[in-house]
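Chain letters run A, B, ... following the sequence lines, proteins first and then strands; every chain starts at 1. Heavy atoms only: backbone and side chains are in, while hydrogens, waters and symmetry mates are out.
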Amino acid sequence: MISRISDASKDFFEQVYAVVKEIPEGRVTSYGAIANYLGTKKSSRMVGWAMNACHSRPEIPAHRVVNRNGLLTGKMHFSSPEDMQKRLEKDGLKVVADQIIDFKLHFWDPEEELKI
DNA sequence: AGCTTGACTTTGA
DNA sequence: GTCAAAGCCAAGC
């Protein structure tokens, strides 16, 4: 019989998407936080790479995922660079110079909220 | 098959 | 505090 891969071993991308979709409105998180929650802290880049493929998942609020500094590093990957900031402001967040104000206050840690 | 790039993070100077 | 370099894994060429 064919040993199908376990659900827990599903694609890393799917895991990232699952976490990102759980990000509540008005909250933001970092690539590293997601990677850490998934257990691959070192592979924070993979989270970003996963987001690069988020075009396959229109329901992914990728605008709520920023780098460790709260900087909108991936804004240019959106339909329009302004779209990401506009969505964040729509969520009640303040963005200045492509950076989220009080980022740490709005930081949403999946390890804290989702409880491993 | 190997090298380069990438929506990052951490560490050292 | 900033700046530079290393580490990381995967996809693209």
Exercise for review: Step by step, work out the side-chain contact (heavy atoms from CB on, under 4.5 Å) result for A/Trp108 and A/Val19.
Suggested key: CA-CA 11 Å; A/Trp108 181 82; A/Val19 175; 4.0 Å; yes

**Study point:** Residue A/Met46, side-chain atoms from C-beta onward, closest of B/dA7, C/dC9, B/dT9
**Key:** C/dC9

Exercise for review: Would you indicate which nucleotide in B/dA7, C/dC8, B/dT9 comes nearest to any side-chain atom of A/Ser43?
Suggested key: C/dC8

Between [N] ([atom2]) and [X] ([atom1]): distance, integer Å:
{"X": "A/Phe13", "N": "C/dA10", "atom1": "CZ", "atom2": "C1'", "answer": "7 Å"}
{"X": "A/Trp49", "N": "C/dG7", "atom1": "CH2", "atom2": "C1'", "answer": "17 Å"}
{"X": "A/Arg68", "N": "C/dT2", "atom1": "CZ", "atom2": "P", "answer": "16 Å"}
{"X": "A/Leu71", "N": "B/dG6", "atom1": "CG", "atom2": "P", "answer": "17 Å"}
{"X": "A/Met51", "N": "C/dA10", "atom1": "CE", "atom2": "C1'", "answer": "16 Å"}
{"X": "A/Asn69", "N": "C/dG1", "atom1": "CG", "atom2": "C1'", "answer": "13 Å"}
{"X": "A/Ile34", "N": "B/dA7", "atom1": "CD1", "atom2": "C1'", "answer": "11 Å"}
{"X": "A/Asn67", "N": "B/dT10", "atom1": "CG", "atom2": "P", "answer": "11 Å"}

Check your understanding: If pairing requires Watson-Crick or G-U wobble contacts with both distances under 3.5 Å, which nucleotide is the partner of B/dA7?
Key -> none

Revision key, fill the gap. Any strand, both distances under 3.5 Å, Watson-Crick or G-U wobble: C/dC8 pairs with none

Check your understanding: Is there a donor-acceptor contact under 3.5 Å from the side chain of A/Ser30 to the main chain of A/Ala33?
Key -> yes

Point to revise | Short side-chain to backbone donor-acceptor contact, A/Arg57 and A/Tyr17, under 3.5 Å | key: no

Check your understanding: In whole Å, what separates the P atom of C/dA6 from that of B/dT4?
Key -> 14 Å

Review point. What does A/Ala62 touch in the nucleic acid at a heavy-atom separation under 4.0 angstrom: a base, only the sugar-phosphate, or nothing?
Key: base

Review point. What nucleic acid atoms does A/Thr40 come within less than 4.0 Å of, heavy atoms only: base, sugar-phosphate, or nothing?
Key: nothing

**Study point:** hydrophobic_cluster_shared for A/Val20 and A/Phe13, side chain cutoff 4.5 Å
**Key:** yes

Exercise for review: List the steps, then state whether side-chain contact (heavy atoms from CB on, under 4.5 Å) holds for A/Arg64 with A/Leu93.
Suggested key: CA-CA 10 Å; A/Arg64 292 175 186 159; A/Leu93 295 172; 5.8 Å; no

